[in-house]
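A quick write-up on the structure given underneath.
In this chain, residues are counted from 1 in sequence order. Just so it is clear, the structure is predicted and the values come from calculations on it, not from any experiment.
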Amino acid sequence: QTRSLLGVFEEDAAAISNYINQLFQAMHRVYDAQNELSAATHLTSKLLKEYEKQHFPLGGDDEVMTSTLQQFSKVIDESCHAVLSTQLADAMMFPITQFKERDLKEILTLKEVFQIASNDHDAAITRYSRLSKRRENEKIKAEVTEDVYTSRKKQHQTMMHYFCALNTLQYKKKIAMLEPLLGYMQAQISFFKMGSENLSEQLEEFLTNIGTSVQNVRREMECEIENMQQTIEDLEVASDPLYLPDPDPTKFPVHRNLTRKAGYLNARNKTGLVSSIWERQFYFTQGGNLMSQARGDVAGGLVMDIDNCSVMAVDCEDRRYCFQITSFDGKKSSILQAESKKDYEEWICTINNISKQIYLSENPEEIAARINQSALEAVTPSPSFQQRHESIRPLVQSRPTAAHTSSTGSVGSESATLSALSLDSLVAPDTPIQFDIISPVSEDLPGQAKSSGQAGRRANPFGESGGSKSETEDSILHQLFIVRFLGSMAVKSDESPDVVYETMRQILAARAIHNIFRMTESHLLVTCDCLKLIDPQTQVTRLRFPLPNVVLYATHQENKRLFGFVLKTSGGRVDNRQTSICYIFESNNEGEKICDSVGLAKQIALHAELDRKASEKAKEIERVREKQQKELSKQKQIEKDLEEQSRLIAASSRSNPSGGEGHFVVLSSSQSEDSDLGEDGKKKKEYET
């Protein structure tokens, strides 16, 4: 927009210069030859009449100027025929000559200076873009940065003064056109002394008004110049941090929710089999397209359709802030370089946001799925569940998030774990990479065969079923994400997130080497029991990952769209050892959110397991307590029976004193031996008594 506006201003300045030159030539003919004065005044009057036919792109008050010049043209053509050379030189030729020689030349000079400053700035930016990322030299970097700062500041200052001169030209144009005409008329009046005869009071009033108008325009111009100078000073102070090629991120944060972006990028163009050049052009997004416009072009051209495209960071020719945009079909890709880290991240986020919006807006089924996903993400555990486990939630919450909260560096950087473990100990070299979705071995859990048999049945991603009970129906967590499968490979370790980072690096490198850009899109359903990959068209479950077997998960440290997890499986047992497979996916800016959902699912599963164990323990305690209660009741019943028998024996002894003692001894002996005989034993003893 700025360049288009500048083009309009420059076109207007050229039109003014052309018109002033014609007017100057006409007035100069009046000054040069007294004999041709009549023809010259007639030509001047003609040019004034043709003012309304001239095209000035910024002509704001053309109607007022046209009517004023029409009135002047009538007076000049009818009453003016000769002018003294001195009066014409002082009153008519001097203002227009000064405007032509000073003001118009100033515009041309500032235009050349601005062009030189722009070229110097481009050269400084080119040198800065060529700074090596691997072999950084602080001295060279400081020199190049200072060069960019100086050239950018010079370009900005020159641009502001150039724009100020272009704005001022609109006022000077009026003054340069009206003052010579006013001087011409005053010279005519004073020289011929024909004011009382030829010039009426109405014309005098008109000339007085024109003189007042010229003074008002001059005062307005001076006020505008003062305001523009103050604006220039304020802009210089406010724009000083922006002169640096890579501004401070704390002062200028990255905007990650942009849907429109424009700015200069370096584009890599191949010139041969192994050679390439970098061209700096202006890039901007328009609808679902990425456009570019070279300097001097009237309009931008289409670079790529970013509908459902993919973008990722790449290392290219030892340059910083490079990223690659690949079309959906993988047939077209562009490698671009941003000027700063802020622009680099904003371009990647903007293209991701545009691709995501277009993708969701083109398919009505996916719009409904997105709405349902938002509703499902609002599902949280019941209050009673939270209240029961609020005390142990912080303890458990720290465990699953440890894998994906430590992502602060790049994939190629060495972490604390990699300092002790080599990359070969994480991922074995020459390990085959699987780029297609293949179902994992289904022998990990006893019920896996049953679930695999149901894989062909149409599944509802939200855990609801019509007539049959779904295996995830009882789960209190259902979250759905749109993901694209990048690849999977076997890994040696599952103890560090560096395994996921290294797997991402190898899979992305393999895709770039073999030109594999096609990715299978699926819906990832996260529940408390498992992770499911569902076909978005047929709603058929492609893959099922049991949640207990997901032992590690992490997002990419720089590109948060990439995430992966390690799955332990017994399907590929070698020497009775379990194997671990790392799966890598790309999401729509939701990598961390997916890992958080998996962590929440594992927390809920852990809480459920703790609940189950606590319930089983409570039931066991209740069973022991019931058994003890039964034993106690039995003992009390025996004691009660003994008391009853003792009472009967005592009554019998009183009624038969002679044999009471012998019978008492026998009964006591038999009672002690048969205390556990039950009801029949008690009746037998009563009969004997």
Side-chain angles (χ1 to χ4, degrees), residues 249 253-263 265 267 283-292 302-316 321-330 332-363 366-367 369-370 373-374 377 404 407 410-411 479-487 504 507-508 511-512 517-524 536 554-564 584-597:
V254 178
H255 301 284
R256 302 184 183 277
N257 297 323
L258 297 177
T259 55
R260 297 178 62 186
K261 179 69 176 174
L265 295 172
Y283 284 79
F284 59 95
T285 59
Q286 186 174 14
N289 301 321
L290 179 65
M291 314 288 288
S292 68
L302 177 64
V303 177
M304 184 183 300
D305 182 7
I306 54 179
D307 181 359
N308 201 22
C309 70
S310 62
V311 58
M312 63 180 66
V314 294
D315 291 333
C316 187
Y321 311 137
C322 293
F323 59 95
Q324 180 176 357
I325 306 174
T326 306
S327 61
F328 174 73
D329 54 6
K332 189 174 182 181
S333 63
S334 297
I335 296 179
L336 305 173
Q337 181 190 16
E339 179 180 321
S340 63
K341 186 176 181 181
K342 177 178 180 294
D343 287 342
Y344 161 78
E345 295 181 1
E346 285 184 350
W347 271 109
I348 293 178
C349 293
T350 301
I351 294 175
N352 283 333
N353 294 337
I354 294 175
S355 176
K356 182 177 178 181
Q357 284 186 352
I358 294 174
Y359 177 75
L360 290 176
S361 63
E362 288 184 351
N363 194 334
E366 293 179 1
I367 294 177
R370 189 68 179 175
Q373 175 190 350
S374 301
E377 288 173 353
H404 60 277
S407 53
S410 63
V411 172
Q479 288 189 331
L480 195 69
F481 304 93
I482 298 175
V483 298
R484 289 170 287 279
F485 181 70
L486 293 176
M504 289 179 181
I507 290 178
L508 293 177
R511 279 183 168 269
F517 301 104
R518 187 79 177 185
M519 294 179 289
T520 303
E521 183 169 272
S522 304
H523 287 172
L524 177 64
T555 59
H556 194 280
Q557 294 172 319
E558 292 182 354
N559 187 359
K560 299 303 181 183
R561 297 179 63 187
L562 300 179
F563 75 97
I584 304 301
F585 296 88
E586 181 190 31
S587 64
N588 295 331
N589 256 349
E590 296 176 339
E592 289 185 342
K593 192 173 181 180
I594 294 174
C595 289
D596 291 339
S597 298

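The side chain to side chain donor-acceptor pair (under 3.5 Å) search around Glu346 returns Lys261, Lys342, not counting sequence neighbours. Residues satisfying the side-chain contact (heavy atoms from CB on, under 4.5 Å) criterion with Leu508, sequence neighbours excluded, are Met312, Leu486, Leu562. For Ser327, the side chain to side chain donor-acceptor pair (under 3.5 Å) partners at least two apart in sequence or on another chain are Asp329. Annotation: salt bridge (charged side-chain N to carboxylate O under 4.0 Å, His left out) contacts of Glu345 (sequence neighbours excluded): Arg256. Every residue two or more places apart in sequence or in another chain that forms a side-chain contact (heavy atoms from CB on, under 4.5 Å) with Gln286 is listed here: Phe284, Met291. In terms of the side chain to side chain donor-acceptor pair (under 3.5 Å) criterion, residue partners of Tyr321 (sequence neighbours excluded) are, by chain and number, Asp246. Ser310 pairs by the side chain to side chain donor-acceptor pair (under 3.5 Å) definition with nothing, not counting sequence neighbours. Listed by chain and number, the residues in a side-chain contact (heavy atoms from CB on, under 4.5 Å) with Ser587 are Val483, Phe563, Glu590, Ile594 (sequence neighbours excluded).
By the 6.0 Å contact criterion, NZ on Lys341 is open, its count of non-hydrogen atoms from other residues, nucleotides or ligands being 12 or less.
With contacts defined as side-chain heavy-atom distances shorter than 4.5 Å, the pair Lys593/Gln479 does not qualify. Side-chain atoms of Phe585 and Leu524, non-hydrogen and from C-beta on, never get closer than 4.5 Å to each other. At least one side-chain heavy atom of Thr285 sits less than 4.5 Å from a side-chain heavy atom of Trp347. Counting heavy atoms from C-beta on, the side chains of Leu265 and Phe323 come closer than 4.5 Å. Within the 4.5 Å cutoff, the side chain of Leu336 has heavy atoms near those of the Leu290 side chain.
Closest non-hydrogen pair, Cys595 versus Ala554, comes out as SG-C, 3.8 Å. When every heavy atom of Glu339 is checked against every heavy atom of Asp343, the shortest pair comes out as CB-OD2, 4.4 Å. Across every non-hydrogen atom of Ser522 and Pro536, the tightest pair is CA-CD, 4.0 Å. Between Met504 and Gly564 the shortest heavy-atom distance is CE-N, 3.7 Å. Across all their heavy atoms, Val303 and Ser292 have their closest contact at CG2-OG, 3.3 Å. Nearest heavy-atom pair, Tyr344 versus Ala313, reported as atom, atom and distance to 0.1 Å: OH-CB, 2.8 Å.
The structure places CD1 of Ile584 at 5.0 Å from CD1 of Ile507, a figure rounded to the nearest 0.5 Å. For the atom pair Asn559 CG and Glu586 CD, the distance stands at 7.0 Å (nearest 0.5 Å). Note: Met304 CE to Lys332 NZ = 6.0 Å, rounded to the nearest 0.5 Å. Once rounded to the nearest 0.5 Å, the distance linking SG of Cys349 with CG of Asn257 reads 8.0 Å. Note: His523 NE2 to Leu480 CG = 5.5 Å, rounded to the nearest 0.5 Å.
Put simply, the side chain of Asn353 never gets that close to the backbone of Thr259: no donor and acceptor are under 3.5 Å apart.
Applying the side-chain contact (heavy atoms from CB on, under 4.5 Å) test between Val311 and each of Ile306, Thr350, Ile351, Thr326 identifies Ile351 as the sole match.
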